[in-house]
Amino acid sequence: MPDTGFLALFLVGLLGGAHCVGMCGGIVGALAMGGASRWSMHLAYNGGRILSYAAAGALAGALGAASLGLEGQVPARLILYLFANLMLIALGFYLLGATRALAFTERAGQALWRRIQPLTRRFLPATTVRQAFPLGLLWGWLPCGLVYSALASALSAGSAGRGAALMLAFGLGTLPNLLLAGILFSRLNEFVRRPVVRILSGLLILGFGIYGLYALPYLMENV
């Protein structure tokens, strides 16, 4: 995964705002009703959520690095790179509404989420920062095609640290949408659901995936 991967994943998080608001908008809207400062509640929740993304990225990066340590690591590196870019292309079509190709990834994560979801009840309703932060840590494991697409890139990161950094970039990209969703939920929700916003977001992310495939022959010549 080249250094441009950090920018790509940041933009995936930022431009996938419609999906983020749809998946997490309800919980961040509820946080606005909490007793503490709205900003402190939302920052605590999103800090926990992004920390979970970074932890998942570290696991994916470590798994990818372990596979590269096996015999025939050059084909493994190319397969991981190809998979990451195909996931970006699928995500682009997903945001365009042209396919439900990523729905299977969300279904695959349901088994883990069924174990985690009951723990969230301990912190609901969240009325303090001390409740919002662990709620974000748990909510970060919600099955989400957008997150899983980013994790595919973390798989090709080459190390746990780089995988965590890639998912941190992705998480920071999602931050503006979800912070604003809590403060200006109705207006932002209306904006990100506009067809033109979804189309532009999908096309740009689709472009990242296609560019990655276009660079594949160069990568093959230099590994």
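Quick caveat, the model's predicted, so the values are computed rather than measured.
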Taking only residues two or more places apart in sequence or in another chain, which ones pass side chain to side chain contact (heavy atoms under 4.5 Å, CB included) with [X]?
X: Ala165; result: Phe6
X: Ala56; result: Trp141, Leu151
X: Phe10; result: Leu14, Leu172
X: Arg122; result: Leu119

For the student: nearest non-hydrogen atoms of [X] and [Y], plus distance:
X: Ala126; Y: Leu135; value: CB-CD2, 4.2 Å
X: Ser153; Y: Leu166; value: O-CD1, 3.9 Å
X: Gly171; Y: Ile50; value: O-CD1, 3.4 Å
X: Met41; Y: Ala132; value: O-CB, 3.6 Å
X: Ser52; Y: Gly136; value: OG-O, 4.3 Å

Not counting sequence neighbours, which residues clear side chain to side chain donor-acceptor pair (under 3.5 Å) with Thr120? List them please. none
How long is the straight-line distance from [atom2] of [Y] back to [atom1] of [X], given to the nearest 0.5 Å?
X: Leu155; Y: Leu59; atom1: CG; atom2: CG; result: 10.5 Å
X: Ile89; Y: Ser149; atom1: CD1; atom2: OG; result: 11.5 Å
X: Leu146; Y: Leu9; atom1: CG; atom2: CG; result: 9.5 Å
X: Leu138; Y: Gln117; atom1: CG; atom2: CD; result: 10.5 Å
X: Leu142; Y: Gln110; atom1: CG; atom2: CD; result: 7.5 Å
X: Gln131; Y: Phe123; atom1: CD; atom2: CZ; result: 8.0 Å

Geometric class of the Tyr53/Phe170 ring pair [parallel <30°, tilted 30-60°, perpendicular >60°]: tilted
Give the cluster check for [X] versus [Y]: same hydrophobic cluster or not, with ILVMFWY residues linked at side-chain heavy-atom distances below 4.5 Å.
X: Leu51; Y: Ile116; answer: no
X: Leu82; Y: Ile210; answer: yes
X: Leu175; Y: Leu7; answer: yes
X: Leu168; Y: Leu137; answer: no

